[in-house]
Amino acid sequence: MADGPVAEVLLRQLATADGGLDSAELAAKLGVEHQAVVGAVKSLQALGEIIEAELRSTKRWELTAEGEEIAREGSHEARVFRSIPPEGLAQSELMRLPSGKVGFSKAMSNKWIRVDKSAADGPRVFRVVDSVEDEVQRRLQLVQGGQAEKLGEKERSELRKRKLLTEVTLKTYWVSKGSAFSTSISKQETELSPEMISSGSWRDRPFKPYNFLAHGVLPDSGHLHPLLKVRTQFRQIFLEMGFTEMPTDNFIESSFWNFDALFQPQQHPARDQHDTFFLRDPAEALQLPMDYVHRVKRTHSQGGYGSQGYKYNWKLEEARKNLLRTHTTSASARALYRLAQKKPFTPAKYFSIDRVFRNETLDATHLAEFHQIEGVVADHGLTLGHLMGVLREFFTKLGITQLRFKPAYNPYTEPSMEVFSYHQGQGGTWSWEGEGCLRLPTLSPGPFHCQAHSQAHCQTQHHPHDLPCPSPSSTGLRKWVEVGNSGIFRPEMLLPMGLPENVSVIAWGLSLERPTMIKYGINNIRELVGHKVNLQMVYDSPLCRLDAEPGPPRTQGTA
Amino acid sequence: MPDISYAWCKAVLKENAVYILLPFKLNKLKLAISFFFQLTKNLMNCVLNLVWNLMKLYDLLCLEGLVRGLQVFKERIKAPVYKRVTPNGEIQKLIITEETARIRPYAVAAVLRNIKFTKDRYDSFIELQEKLHQNICRKRALVAIGTHDLDTLSGPFTYTAKRPSDIKFKPLNKTKEYTACELMNIYKTDNHLKHYLHIIENKPLFPVIYDSNGVVLSMPPIINGNHSKITVNTRNVFIECTGTDFTKAKIVLDVIVTMFSEYCENPFMVEAAEVVFPNGKSYIFPELAYRKEIVRADLINKKVGIRETPENIAKLLTRMHLKSEVIGDGNQIEIEIPPTRADVIHACDIVEDAAIAYGYNNIQMALPKTYTIANQFPLNKLTELLRYDMAAAGFTEALTFALCSQEDIADKLGLDISATKAVHISNPKTAEFQVARTTLLPGLLKTIAANRKMPLPLKLFEISDIVVKDSSRDVGARNYRHLCAVYYNKNPGFEIIHGLLDRIMQLLNVPPGEKKGGYVIKASEGAAFFPGRCAEILARGQSIGKLGVLHPDVITKFELTMPCSSLEINIEPFL
């Protein structure tokens with residue numbers, strides 16, 4: 001409260017002061033602790049423009065406890081000198097005096113006393129001079145009297161070395177009148193109360209101003225996980241576009257639905273132990289739709305439906321092998337198979353977002369599990385142009401408007417195209433030339449380099465969660481990044497399901513983690529997914545508004 | 001504009017110090033080419049078009065194929081016609097004996113006659129074999145290639161299988177003879193060859209090829225003999241490919257001979273070899289089969305979404321190494337698929353090549369007219385609704401792994417793994433991926449353990465799938481959608497977790513009490529829970545999960561120090 005007696009006195013003093021006053025001087029004048037004056041200054045400051053206070057720090061010399069003792073009673077050497085009677089004093093006796101040890105050596109070096117070692121009963125100390133000037137005491141008394149400046153630098157430092165003086169920094173306020181200076185202050189209310197409202201007293205009361213620079217108190221609340229916030233937005237986008245959600249609640253899948261149904265041959269590297277998690281228990285699928293299985297087998301081993309087939313010995317045991325699904329395209333295959341059984345054919349748009357699993361080497365951007373986003377449209381006469389059109393609408397909803405397409409290889413789509421988008425925020429322009437290929441403005445590890453991983457596996461499965469590789473020379477890194485993979489499902493996949501011949505199915509996929517990492521500026525996937533997540537990051541993560549904000553600049557190397 | 005020649009391409013690549021053509025470095029090749037070609041932008045377009053297809057076109061694995069592809073694309077040259085010719089003299093014969101049947105039953109062969117190698121050509125020839133071995137040959141498991149100086153050998157050749165101790169020869173680049181057993185030991189420490197040993201290791205018989213004098217040509221898929229080693233000076237090359245996949249062996253042989261017959265005295269002419277199978281049937285290789293497909297131009301237009309004349313489409317395809325012409329009613333295109341394009345197995349592959357040559361980014365985008373009404377998957381819809389209200393109830397969402405160790409779901413929770421009905425992974429690289437989780441609790445406890453520095457209390461939840469064996473499902477396992485929540489503080493906070501259950505039931509419109517499909521909790525036991533602090537949750541007439549205070553042993557095993565209560569239910573009954 002500002003209305004302590006000190007504050008009132010301060011204001012009265014200030015009213016008559018010329019220009020202002022010093023808080024320490026005031027304290028000395030009033031005979032109160034300096035802290036009390038400082039408290040009064042602060043509380044007056046809080047009231048607004050009544051006073052102005054400028055913080056000043058001054059250095060001052062003060063006596064230590066020992067220094068004060070000396071100022072009072074004289075230096076140790078002087079005390080030793082005085083305690084020696086004219087007939088001298090036994091040294092052993094002298095050493096027992098309180099100042100004995102220190103005072104003796106100092107008095108000796110001052111040549112005030114001498115020791116006679118030949119005395120009968122041990123060494124004896126005698127005065128050498130009749131009287132002494134206690135210079136140390138005098139100097140300390142000067143300091144005590146606030147006249148430290150009268151001492152030379154050398155003298156002060158000598159006293160400091162003897163731990164008789166210390167230098168203290170004193171923070172004082174220079175107080176002057178404020179624009180709303182007044183000697184009469186009334187008590188300010190801190191908060192509005194129900195009583196004030198009912199009595200109307202708030203009309204007459206001054207209120208203490210708020211400090212709007214202070215932080216508020218965050219509400220106690222729960223938080224949604226950033227990756228799943230992004231998942232919600234992707235679901236929303238698909239729903240807005242009229243896509244129906246496919247069931248994907250089966251992490252365990254048979255090789256048949258995961259690979260064979262997609263016309264992925266049984267020797268394909270993706271079906272290798274190195275890439276896929278197979279199951280020991282239950283090791284094999286119990287049931288497969290055998291009619292359909294036979295059509296798939298025939299297509300792989302002999303061809304059909306206009307295809308040469310892969311011409312190899314297709315094995316049912318291989319198709320029965322259970323695994324953790326490597327993509328949600330297996331769920332799409334099941335959905336399309338169900339669609340094919342409905343006669344007559346009705347066009348469909350499907351989507352899914354769920355976990356998939358890869359038995360691969362883990363690093364900053366690869367985990368054994370991640371979320372795949374997949375969209376599928378089945379209708380008569382769909383073209384590559386339609387696929388690109390749907391992709392354009394889809395990515396526009398994500399806030400990505402610059403799209404380019406390049407040929408790619410997928411085992412189950414033909415034609416296949418990778419989707420690239422320009423990631424804003426970095427320099428460099430992109431130009432396009434007649435024959436439809438991309439031309440890179442300078443040496444660009446960008447779009448190519450970022451596929452290093454999938455290339456490493458050399459025609460293994462597509463890895464939609466590949467991030468652009470961190471590059472040591474990131475200044476030259478173009479921000480054209482692969483944002484998805486897409487294509488038209490091969491007839492060898494669709495026709496054995498029983499879909500009509502003139503029905504095309506376009507599809508695309510991407511990972512959920514990658515756009516989320518870009519959006520939230522996360523470089524290590526473990527900071528986002530899994531138990532090692534930093535909960536503070538979850539608490540602090542903003543809303544997911546994919547089309548509203550550009551992601552934070554992704555400078556490589558910033559955590 | 002520089003001429004697209006072998007020397008030029010090679011100079012470009014060398015200049016950029018990325019002349020690394022191993023398959024796993026293919027992206028570097030792309031990089032180098034993309035870098036150089038920006039200087040000559042028209043070329044850039046065609047190079048990228050071709051290089052983009054690198055992954056599936058085996059003939060682009062070597063510079064010869066790439067250069068030829070570029071030249072054809074730029075219409076500098078016409079695609080060469082590869083021909084198999086029967087020699088004037090005796091045809092080279094490879095006889096397969098029946099012993100090979102159980103280990104590596106197929107073999108194909110061909111001869112490159114009067115070839116002229118240079119250092120570059122020779123290196124490229126070796127590199128191509130290596131790249132094929134890594135790629136289509138599946139690290140030699142499906143196919144292994146052997147190339148030999150024919151002038152050092154005398155046919156007919158025999159492809160047979162023998163006991164390893166009975167095979168003895170001087171292998172490539174060694175100075176003395178070893179038995180096959182000895183070689184398998186020696187190569188265990190060979191960084192290159194050790195990766196192939198497993199293909200035949202522990203088999204009673206090893207495949208081996210002899211000439212008529214008993215000289216060992218090769219012991220596929222491990223090593224060739226030193227006797228028939230080819231050099232820069234070799235003029236006549238005998239090529240054999242053995243394998244377990246006949247189709248792939250034929251493709252591999254075709255790729256090699258089409259690429260390197262260019263350097264024969266009669267370019268693109270390949271001398272035939274005869275292979276006699278154990279059943280007495282005899283085949284002539286290489287196949288070098290040209291196949292004709294007829295595709296309607298309007299089909300290509302319709303699939304791609306363009307409107308080009310049949311003539312233009314034929315031109316586009318021809319540039320992609322698919323010689324095409326308009327025939328019949330003027331709408332049909334006859335396409336010749338050369339032996340180098342083994343990837344073309346359906347009209348859709350031809351459609352893609354037309355689209356690539358046309359340029360994907362030149363295709364007019366359109367929206368399909370497909371009219372559909374969207375539906376959410378009910379389980380996900382319920383999950384989404386619950387997630388928001390769990391957060392509104394003050395709990396923070398975690399996202400944990402579906403795979404974990406056996407220890408996480410069993411030992412640490414005081415259970416035996418056999419009691420969990422968990423599905424087991426057969427080939428985990430680490431213990432973190434032994435099983436699919438059967439409960440969400442371990443993931444949440446691990447999340448807390450990783451966040452012990454955060455201010456208390458920690459209130460976490462997760463709504464996600466767990467997996468258990470279920471023989472009523474086609475794959476023998478199924479997911480359940482679980483909701484799990486934990487409260488971690490200086491006090492166990494059972495009442496808080498209990499209150500959360502009450503709130504969840506309120507949200508799901510399930511009344512308290514056993515009647516009318518309501519819910520109750522009943523004292524129960526659970527290995528993970530502190531005795532007397534565990535209850536089973538019964539709702540809609542069935543048990544849906546448990547809640548309680550965690551057992552101190554569980555808390556300790558998850559490296560936690562504070563009391564903790566938890567709740568885990570299956571939400572599927574509330575659909």
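Protein chains get the first letters and strands the later ones, always in sequence-line order, with residue 1 at the start of each.
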Does any part of the side chain of A:Leu535, heavy atoms only, come nearer than 4.5 Å to the side chain of B:Leu460, both counted from C-beta?
yes

Counting C-beta onward and ignoring hydrogens, is there a side-chain heavy-atom pair between B:Glu397 and A:Val538 closer than 4.5 Å?
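They are not in contact (no side-chain heavy atoms under 4.5 Å apart), so the answer is no.
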
Using atom types as modelled and distance alone, determine if a side-chain donor or acceptor of [X] lies under 3.5 Å from a backbone N or O of [Y].
X        : Y        : answer
B:Tyr360 : A:Ser416 : yes
A:Lys311 : B:Phe246 : no
A:Lys349 : B:Ala374 : no

So which part of [X] gets closer than 4.5 Å to some heavy atom of chain B, the side chain, the backbone, both or neither?
X        : value
A:Tyr310 : both
A:Phe278 : both
A:Phe489 : neither
A:Leu279 : both
A:Asn313 : neither
A:Glu492 : side chain
A:Val529 : both
A:Ala348 : backbone

Non-hydrogen atoms of chain A under 4.5 Å away: do they reach the side chain of [X], the backbone, both or neither?
X        : value
B:Val467 : side chain
B:Leu379 : side chain
B:Leu458 : side chain

Could you have a look at [options] and say which one has the most heavy-atom pairs with chain B under 4.5 angstrom?
options                                : answer
A:Val533, A:Ile506, A:Ile353           : A:Val533
A:Leu288, A:Val390, A:Leu391, A:Leu323 : A:Val390
A:Leu528, A:Ile488, A:Thr248, A:Asn250 : A:Asn250
A:Met246, A:Gln273, A:Arg235           : A:Arg235
A:Asn322, A:Asp354, A:Asp379, A:Leu224 : A:Leu224
A:Ser307, A:Gly487, A:Ala285, A:Gly309 : A:Ser307

Please report the C-alpha distance between A:Asp249 and B:Arg481 in whole Å, then the side-chain angles of each, then the deciding distance to 0.1 Å, and finally whether the salt bridge (Lys or Arg N to Asp or Glu O under 4.0 Å) criterion is met.
CA-CA 8 Å; A:Asp249 57 336; B:Arg481 184 71 42 95; 5.5 Å; no

Looking only at heavy atoms, what is the nearest atom pair of [X] and [Y], with distance?
X        : Y        : value
A:Gln267 : B:Asp245 : NE2-OD2, 3.0 Å
A:Ser221 : B:Thr396 : O-OG1, 4.4 Å
B:Asp465 : A:Phe251 : CB-CZ, 3.6 Å
A:Phe405 : B:Asn361 : O-ND2, 2.7 Å
B:Ala402 : A:Glu369 : N-OE1, 2.7 Å
A:Gln287 : B:Arg473 : NE2-O, 4.2 Å

Option that, when pairs with chain A are counted at under 4.5 Å, heavy atom only, ranks first among [options]:
options                                : value
B:Thr430, B:Leu445, B:Asn301, B:Leu367 : B:Leu367
B:Ala391, B:Ala347, B:Ala450           : B:Ala391
B:Ile363, B:Leu399, B:Thr447, B:Thr400 : B:Leu399
B:Ile373, B:Thr247, B:Thr372           : B:Thr372

Trace of the salt bridge (Lys or Arg N to Asp or Glu O under 4.0 Å) decision for B:Glu384 with A:Arg231
CA-CA 10 Å; B:Glu384 286 289 283; A:Arg231 182 181 73 180; 3.5 Å; yes

Rounded to the nearest 0.5 Å, what separates atom [atom1] in [X] from atom [atom2] in [Y]?
X        : Y        : atom1 : atom2 : result
A:Phe277 : B:Lys429 : CZ    : NZ    : 7.5 Å
A:Glu245 : B:Gln376 : CD    : CD    : 6.5 Å
A:Gln308 : B:His346 : CD    : NE2   : 9.5 Å

Should the pair B:Phe401 and A:His531 be assigned to parallel (<30°), tilted (30 to 60°) or perpendicular (>60°) ring geometry?
perpendicular

Worked verdict on A:Arg334 versus B:Asp474 for salt bridge (Lys or Arg N to Asp or Glu O under 4.0 Å)
CA-CA 12 Å; A:Arg334 283 179 184 264; B:Asp474 62 348; 3.0 Å; yes

Please lay out, stage by stage, how A:Asp272 and B:Arg138 fare under the test salt bridge (Lys or Arg N to Asp or Glu O under 4.0 Å).
CA-CA 10 Å; A:Asp272 203 281; B:Arg138 299 288 294 113; 2.8 Å; yes

